[in-house]
Amino acid sequence: MASIPVCVPGECEAAGCDPVVCTGAGMPSNDRFFERSTEAIPGGVNSSIRAFKSVGGRPYIVARAEGAHVYDVEGTEYIDLVQSYGAVILGHAHPAITAAVQSAATGGTSYGAPTPREMKLAEAIGERVPSCEQVRFMNSGTEATSTAVRLARGYTGRDRVVIFHGNFHGATDALLAAGGSGVATLGLPGTAGVPAGAVAETMVVRYNQVPELDESVACVIVEPVAANMGVVAPAPGFLAGLRAECDRVGAVLIFDEVITGFRLGEGGAQAKYDVTPDLTTFGKVIGGGLPIGAVGGRRELMETLSPLGPVFHAGTLSGNPLATAAGLAALDHLDGDVYIELMARARHLAALLRDACAAAGFPAHFPVVGTLLGMVCGDVPAVVDFDGAKRTDEAAYGRFFHAMLAEGVAMAPGAYEAIFVGLAHTDAVIDEIADRAHRAATAAAASA
Ligand SMILES: *Cc1c(COP(=O)(O)O)cnc(C)c1O
């Protein structure tokens, strides 16, 4: 699959020249591509983590991918544990997804009118996640969480939003609030460009502790398994406690299942923990690797959205034919047995990585929650909240990350991301990862 890219100035027509990586001016190189990208694109990336800022160094530039592997523009092959941050659970360029997208594309890529596929995908989600009596599609997880919050505010007529420190809900102003250590804080912007007013009604509280709410609260939005501060399980009773507290004050409970939806199981985290939210946000897996987001919930709540209700929502590309075709193909391949297999693989890889790091004298642990796997570097206690997650030895992660990359294994370039195991990570691939991890951990321990 990894063709050797050839690009000789003036000889671009030469047999073997790969148009994807063709620069028109010499052999493609990661560094040269990245440099050129930084001229055209701020920081050379379209999502900030991709720039390698937290691990140092420069990103590899991906030319193509297949199954468990990605190939950079220089033709180097990596076993990929990023998997588009979980979006491509079937593996890259899965034939069923490729065929679905190709066939959809020949019928047009966007119409600005309702389509059969969006209806079928909404039904497919509703069948598997019973709390989603109705589903509305948009183009990203960010759009899903911002729509869900607007819906909750419009439905309740209240303004306050409660979020958990260390949870991530995409790049939407009201949810980009800074959390203080331990104390509940209100109205501190989490990034430049978010006015205090946008987060004035956003309360940030500690993960895994049920906050006491009052009747000013429109909604509580939570990652039912936190997967953006490492992988952190909900403490026993936490999700049920949120459900009860929301019920007590009439607030809407939103589960952000952008990662956990169709990854932890067909029914997501809400099935695994048997707690039913009012609204659920989806993204990642439900688009089969194409841009998508969705909000699902009870009919009566969902019908608060326009055109039936007063809460506006719209999107030129929402319910996109390619994304819904890919999503339907993905869900078609994801039944209960698949998740049993993925859980076994996540546990197996965690055990092998634990052994590899222990043998190399590189302190790290590998929490597993269902099919989700995390890595925590350093001699730190099990993580239950963001203060705990921050004890992670980020520098050690950076060393391990680069040592793995040198061994041909691509992990996420950040110490707080999950390790995404998918259907393409067969036993043979997992064994190979473990071998390389042993060498990488040895190198990372030696360079400490
Ligand atoms: C990735 C993610 C989002 C944002 O989704 P995008 O498609 O990147 O906008 C929201 N919530 C959670 C939990 C996520 O992991």
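All ligand and atom numbering here is 1-based and tracks the order in the structure.
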Heavy atoms of Tyr416 and Lys390 approach each other most closely as OH-CD, 3.6 Å
Thr281 and ligand 1 - part of the residue with a heavy-atom distance under 4.0 Å: neither
From CA spacing to verdict: side chain to side chain contact (heavy atoms under 4.5 Å, CB included), Asn167, Ile221: CA-CA 9 Å; Asn167 278 189; Ile221 182 166; over 6 Å; no
Is Glu201 salt-bridged to Arg158, cutoff N-O under 4.0 Å? no
Distance under 4.0 Å to a non-hydrogen atom of Ile259: what atoms of ligand 1 satisfy this? 15 (O)
Does Phe168, backbone or side chain, put an N or O under 3.5 Å from an N or O of ligand 1? yes
Going by the atom numbers of ligand 1, which of them fall below 4.0 Å from some non-hydrogen atom of Glu223? 13 (C)
Can you check whether a protein heavy atom sits less than 4.0 angstrom from atom 8 (O) of ligand 1? no
Using the rule given for ring pair (Phe, Tyr, Trp, His ring centres under 6.0 Å), can you reason through Tyr273 versus Phe255, listing the C-alpha separation, both sets of side-chain angles and the distance that settles it, and then say yes or no? CA-CA 12 Å; Tyr273 295 100; Phe255 277 7; 8.8 Å; no
Which of the numbered atoms in ligand 1 are under 4.0 angstrom from any heavy atom belonging to Asp256? 10 (C), 11 (N), 12 (C), 13 (C)
Numbered atoms of ligand 1 (with element) below 4.0 Å of Gly141, judged on heavy atoms: 4 (C), 5 (O), 6 (P), 7 (O), 9 (O)
His169 heavy atoms within 4.0 Å reach ligand 1 at atoms 10 (C), 11 (N)
Taking Lys120 first and then Glu123, would you say they form a salt bridge - that is, a charged N and a carboxylate O separated by under 4.0 Å? no
Look at Asp387 together with Arg206 and state whether they make a salt bridge at an N to O cut-off of under 4.0 Å. yes
Passing candidate, side-chain contact (heavy atoms from CB on, under 4.5 Å) with Asp173, options Val199, Thr191, Val194: Val194
Sub-4.0 Å heavy-atom approach of Tyr85 to ligand 1: no
On the 0 to 90° scale, with breaks at 30° and 60°, tag the Phe401-Phe52 ring pair as parallel, tilted or perpendicular. perpendicular
Any idea which atoms of ligand 1 are less than 4.0 Å away from a heavy-atom of Ser140? 7 (O), 9 (O)
Per-residue contact class, Thr142 against ligand 1 - non-hydrogen pairs under 4.0 Å: both
Nearest-contact summary for atom 1 (C) of ligand 1 - protein heavy atom, Å: Lys284 NZ, 1.6 Å
